[in-house]
Amino acid sequence: MSDYRSVADAVAAEIRSGALRPGDRLPPQRTFARRHGIADSTATRVYRELARRGLTVGEVGRGTYVRAGAQAAAPALTEPAAARVDLELNHSTLPGHAALLAEGLAPLTRPDILGDALRPVGAAGTPAAREAAADLLARGGWHPDPGQVLFAGNGRQAVSAAVAALVPPGGRLGVEELTYPVIRTVAARLGVTLVPLAMDDEGLVPGAVEQAHRRAPLHAVYTQPTLHNPLSLTAPPARLAALAEVLTRLDLPVVEDAVWGFLRGELPPFAALLPDRTVLVDSLSKRVAPGLTLGFLVAPPARTDALAASLRSGGWTPMRFALEVMRRWQRDGTADRLAADKRRDAAERQARRARRLDGFDVRGDAAAYHCWWRLPEGWRADTFVAAAARHGIAVAPAAAFAVRRDSAPHTVRLALASPPADVLGPALDTLAGIARSAPEDLLAD
């Protein structure tokens, strides 16, 4: 037993050191056995062990390849990609925005103002910050009550606090079958079971919520109704109304993740339709700058105290400095200008994507910073990710978003926000060329 594991350990060390790169093809098992002086059966066990560890991916007739990234316990999409062109994460920072943001920060260099901004603050922030946040989050004719606004250190902490307040340890949280990857980590740390819910071209299927609840009661539902990540779809009004009816009838609360909603500023959130049951979560980083984090929760009045307690007990309360800069940027119009710039930028990038990937099965809302690409026949998502990595491009496979990874489709998500505009087009051309080729040709030694 130890022999095959020690050989697998040696191959794993080569992968970690970079001697074997993502996309590299391993030799046939018989060749591998001869090189290492082991039996063919032992080589088979080595390859199985490498696959079990998530280090390789293989398919009969095509060979075994080093994965584009090791299959870690934590979800993908949590750290910047190492590839030269990052189409895995959405970090939008536009030219001129740093200078614009600096203007709002200038007054904070005064010692008296900075001293006040560095004082501690709780989950409820300050009255001025709640007013500014309510204005920031308003869209589509909806304006939250400032008294219902709470703050977290970042958007992920806002999600964590909402789930912890609504779902007890051992409880069940319904989530779309393809969803924001961090929700898996949140659920694991809180001892919450995720229940995948079916989706269609209009988003979450209301009947799937009812079916799952009747099998075993759910405690809450987590959903992304506007510019869903990764599917890049927005649920139409009729679908949202049907979902609201089911949630009301089943007496279920819902967490609405609205971090991309600012790109569809003309649409009200789901919270406008079901305010007494919806905890809306949002963040500052997507709409302003990736490095400045601040999370928002708009809480139903009956749940404000529980959510504030969740934020405190989890250590998820915000920094006062972040509240102060948010308030200043909202007051002087900087936040609105940045959001408008990003809406134009997202539309331009989607138009560029539509031209470069014309003829492929790609879903991408014209307002979104990401798109969902169903790969051509013959391509597996892991194999495509490996091929892209060999060209210096990082993309995200469907498995990164699937609640049940064994049911992930042969699809990838492209995040369009991070590369400079003049880099994005050539990268998309490269991916189109990969997709038009045969996997075995591109990944051959």
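Here the structure is a predicted model, which is why all the values come from computation and not from measurement. Values below: all heavy atoms of this structure, side chains included; hydrogens, waters and symmetry mates excluded.
- Arg353 pairs by the salt bridge (charged side-chain N to carboxylate O under 4.0 Å, His left out) definition with nothing, not counting sequence neighbours.
- Taking Arg303 as the reference, nothing meets the salt bridge (charged side-chain N to carboxylate O under 4.0 Å, His left out) condition, with sequence neighbours excluded.
- In this view, Asp201 and Arg363 satisfy the salt bridge (charged side-chain N to carboxylate O under 4.0 Å, His left out) rule, not counting sequence neighbours.
- For residues 410-438, no pair satisfies ring-ring contact (aromatic ring centres under 6.0 Å, His included), with sequence neighbours left out.
- For the residue pair His143 and Asp135, a side-chain donor N or O sits within less than 3.5 Å of a side-chain acceptor on the partner.
- Between Gln148 and Thr304, the side chains place no donor N or O within less than 3.5 Å of an acceptor N or O (distance only, hydrogens not considered).
- Contact between Trp316 and Leu190 at its shortest, heavy atoms only, is CH2-CD2, 4.5 Å.
- Using modelled atom types, one finds no donor on one side chain facing an acceptor on the other under 3.5 Å when comparing Tyr65 with Arg390.
- Using modelled atom types and a 3.5 Å distance limit, the side chains of Asp345 and Tyr369 yield a donor-acceptor pair.
- Of all heavy-atom pairs spanning Pro409 and Ala398, the tightest one is O-CB, 3.3 Å.
- Listed for the Thr430 side chain is a donor-acceptor partner under 3.5 Å among the backbone atoms of Pro426.
- Checked against ring-ring contact (aromatic ring centres under 6.0 Å, His included), Trp373 has the following partners two or more places apart in sequence or in another chain: Phe360, Phe384.
- In this structure, a donor-acceptor pair under 3.5 Å is absent between the side chains of Tyr222 and Thr179.
- Residues satisfying the salt bridge (charged side-chain N to carboxylate O under 4.0 Å, His left out) criterion with Asp305, sequence neighbours excluded, are absent altogether.
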